[in-house]
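Just so you know, ligand 1 is whichever comes first in the structure, and atom 1 is the first atom listed for that ligand.
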Amino acid sequence: MRSAKDFFAPLAVGAPAPVREVPARPSRMIHFFDPSNPKMAAKVPDMVGTVDVLLGNLEDAVKAENKEAARQGLVDIARATDLGEHTQLWTRVNALDSPWALDDLTTLVTEIGDRLDVVMVPKVQGPEDIHYVDRLLAQLEAKAGVQRPILVHAILETARGVANVEAIAGASPRMQGISLGPADLAADRRMKTTRVGGGHPGYLVRQDPVDGDVEGARAVFQQDLWHYTIARMVDACAMHGVFPYYGPFGDIKDVVACEDQFRNAFLLGCVGTWTLHPVQIAIAKKVFSPSAEDVAHARRVKEAMGDGTGAVMLDGKMEDDASLKQCLVILELADRLSANDPELAELYAPSNGEAGA
Ligand SMILES: CC(C)(COP(=O)(O)OP(=O)(O)OC[C@H]1O[C@@H](n2cnc3c(N)ncnc32)[C@H](O)[C@@H]1OP(=O)(O)O)[C@@H](O)C(=O)NCCC(=O)NCCSC(=O)C[C@H](O)C(=O)O
Ligand SMILES: [Mg+2]
């Protein structure tokens with residue numbers, strides 16, 4: 001076991017010092033693109049500034065024969081693209097047991113390590129996977145002279161990963177966050193779904209029979225297949241000061257259910273989601289930015305609560321220290337997003353007569 005005193009020491013001579021706090025940069029949408037797909041790659045420069053994160057995907061959804069082209073494509077894009085102040089560059093490398101992961105990490109850190117913010121690691125099984133990546137990144141950073149540590153993001157997509165989620169979240173100061181990977185997780189758990197994320201019409205609760213008539217009409221309520229896993233992931237992330245994310249929603253045409261799935265994740269504590277197609281970007285932005293109404297309400301509660309202690313009545317509802325703390329989460333998020341986005345700053349600005357944040 002590593003001593004707590006060693007936790008913030010670099011894992012290789014010459015590697016940058018680990019971060020003590022994960023930078024809270026907006027990451028409402030982690031936009032996936034395949035760097036080996038010329039049409040997608042061509043769209044990347046115009047997406048800068050419109051998405052919080054651009055992620056060059058090297059893993060699943062990239063054909064085996066294109067793995068090397070995707071890796072090199074990402075290097076070329078990172079070198080040629082000015083990402084500005086507000087768009088981060090992430091990658092998803094191939095799984096650690098694949099023939100490509102070592103070359104992915106070695107090439108990316110040595111070639112574009114100074115431009116890469118986060119490495120997403122798929123199919124993480126336990127803290128040992130993070131320890132491996134942690135040490136390797138330190139060695140490569142030292143070799144390449146990278147000045148700031150590259151952070152690590154784990155995808156929760158195996159039953160063992162879910163069972164170890166707390167240990168994964170706390171495995172390294174590099175841990176930036178965790179995403180749900182519902183498609184691989186469903187397969188690993190031997191669930192009987194055949195989809196990439198979202199609900200299933202067969203997973204439901206039915207109203208009791210009326211007057212014992214089991215054949216009569218009854219309401220059915222579709223249930224959320226992912227509630228348990230997302231809630232567990234959110235707790236593990238909050239416990240360790242890292243960020244939780246929903247993952248992919250594969251039914252690109254069903255923008256309504258996509259928005260619902262994203263909003264469930266937002267309400268449960270996730271800070272963002274993956275976007276697989278341009279149409280999902282605006283949905284993620286809408287859902288993971290608090291509404292103007294929520295911000296205005298949070299400000300009213302803060303104003304009404306004065307020094308932050310005691311209880312008050314506002315619009316017929318009791319507000320106290322704990323509801324104030326929830327409101328402060330909303331206000332902090334609104335402030336952070338406003339700092340990067342003049343449109344949101346205007347949307348959230350207190351109207352005449354309203355108290356400021
Ligand atoms: C889902 C797609 C295959 C759809 O692609 P396509 O059929 O080309 O869609 P459109 O014709 O509607 O596209 C319109 C134009 O937009 C471009 N496009 C499409 N997607 C993107 C994108 N992500 N980024 C940038 N540009 C994009 C198209 O090229 C069209 O361009 P043009 O013809 O010039 O107008 C496709 O969207 C796609 O492959 N998306 C990414 C999929 C992906 O990354 N999958 C992996 C993540 S999910 C996963 O791995 C599961 C997870 O791990 C788990 O276990 O749960
Ligand atoms: Mg997967």
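Atoms of ligand 1 lying under 4.0 Å from at least one heavy atom of M47, given by number and element, are 25 (C). Residue A61 has at least one heavy-atom neighbour below 4.0 Å for each of these atoms of ligand 1: 43 (C), 45 (N), 46 (C). Ligand 1 places these atoms under 4.0 Å from at least one heavy atom of D60: 46 (C).
For atom 31 (O) of ligand 1, the closest non-hydrogen atom on the protein side is K43 NZ, 3.1 Å. Of all protein heavy atoms, the one closest to atom 22 (C) of ligand 1 is H31 NE2, 3.4 Å. Looking only at heavy atoms of the protein, atom 48 (S) of ligand 1 is closest to P248 CB, 3.7 Å. Nearest protein neighbour of atom 38 (C) of ligand 1, counting heavy atoms only, is M40 CE, 3.3 Å. Nearest non-hydrogen protein atom to atom 33 (O) of ligand 1 is K39 NZ, 2.9 Å. With respect to atom 20 (N) of ligand 1, the closest heavy atom belonging to the protein is P278 CD, 3.5 Å.
Annotation: R135, atom CZ; neighbour count of heavy atoms from other residues, nucleotides and ligands within 6.0 Å does not exceed 12. The number of heavy-atom neighbours closer than 6.0 Å to CD of E65, taken from other residues, nucleotides and ligands shown, is above 12. Atom CG of D307 is surrounded by more than 12 heavy atoms from other residues, nucleotides or ligands within 6.0 Å. Within 6.0 Å of NE2 on H227 lie no more than 12 heavy atoms contributed by other residues, nucleotides or ligands.
In this structure the side chain of P26 reaches within 4.5 angstrom of the side chain of N340, judged on heavy atoms. Here the side chains of H86 and D341 are not in contact, with every heavy-atom distance at 4.5 Å or above. M120 is listed as a side-chain neighbour of W274, based on a closest heavy-atom distance under 4.5 Å. L137 has its side chain out of reach of P149: every pair of non-hydrogen atoms, C-beta onward, lies at least 4.5 Å apart. For the pair T106 and L140, the minimum side-chain heavy-atom distance is below 4.5 Å.
Using a 4.0 Å cutoff on heavy atoms, N57 counts as a contact of ligand 1. Residue E59 places no heavy atom under 4.0 Å from ligand 1. For the ligand labelled ligand 1, residue G247 lies outside the 4.0 Å heavy-atom shell.
Distances from atom 14 (C) of ligand 1 to the heavy atoms of M120, E157, H277 put H277 nearest. Of the candidates K123, R195, R92, the one placing a heavy atom closest to atom 49 (C) of ligand 1 is R92. Taking only non-hydrogen atoms, the option from L54, I252, T275, T158 nearest to atom 1 (C) of ligand 1 is I252.
With a cut-off of 2.8 Å, the Mg ion (ligand 2) has an N, O or S atom of E157 in range. Residue side and main chain included, D184 places an N/O/S atom under 2.8 Å of the Mg ion (ligand 2).
The residue from D60, D129, N94 that alone fulfils the side chain to side chain donor-acceptor pair (under 3.5 Å) condition with K123 is D60.
Distance check for atom 41 (C) of ligand 1: a protein heavy atom is found below 4.0 Å. Closer than 4.0 Å to atom 8 (O) of ligand 1 lies none of the heavy atoms of the protein. Within a 4.0 Å radius of atom 11 (O) of ligand 1, the protein contributes no heavy atom. Shown here, atom 5 (O) of ligand 1 is out of close reach of the protein: none of its heavy atoms lies under 4.0 Å off. Distance remark: protein heavy atom present below 4.0 angstrom from atom 46 (C) of ligand 1.
One distance of note links CG of N264 with CD1 of I230; it measures 7.5 Å at 0.5 Å rounding.
At a threshold of 4.0 Å, the pair E332-R336 counts as salt-bridged, since one of the basic side-chain nitrogens sits closer than that to a carboxylate oxygen. In summary, R300 and D315 engage in a salt bridge, as defined by a charged side-chain N under 4.0 Å from a carboxylate O.
Between the side chain of Y132 and the main chain of D134, no donor-acceptor pair closer than 3.5 Å is present.
Of the polar atoms of W274, none of the N or O atoms is found under 3.5 Å from an N or O of ligand 1, judged by distance alone. Note: an N/O pair closer than 3.5 Å links A183 and ligand 1 by distance alone. At least one N or O atom of F32, backbone or side chain, sits closer than 3.5 Å to an N or O atom of ligand 1. Of the N or O atoms in L276, one or more lie within a sub-3.5 Å distance of an N or O in ligand 1.
Judged by a 6.0 Å distance limit and a 45° cone about the ring axis, R92 is not positioned over the six-membered ring of F32.
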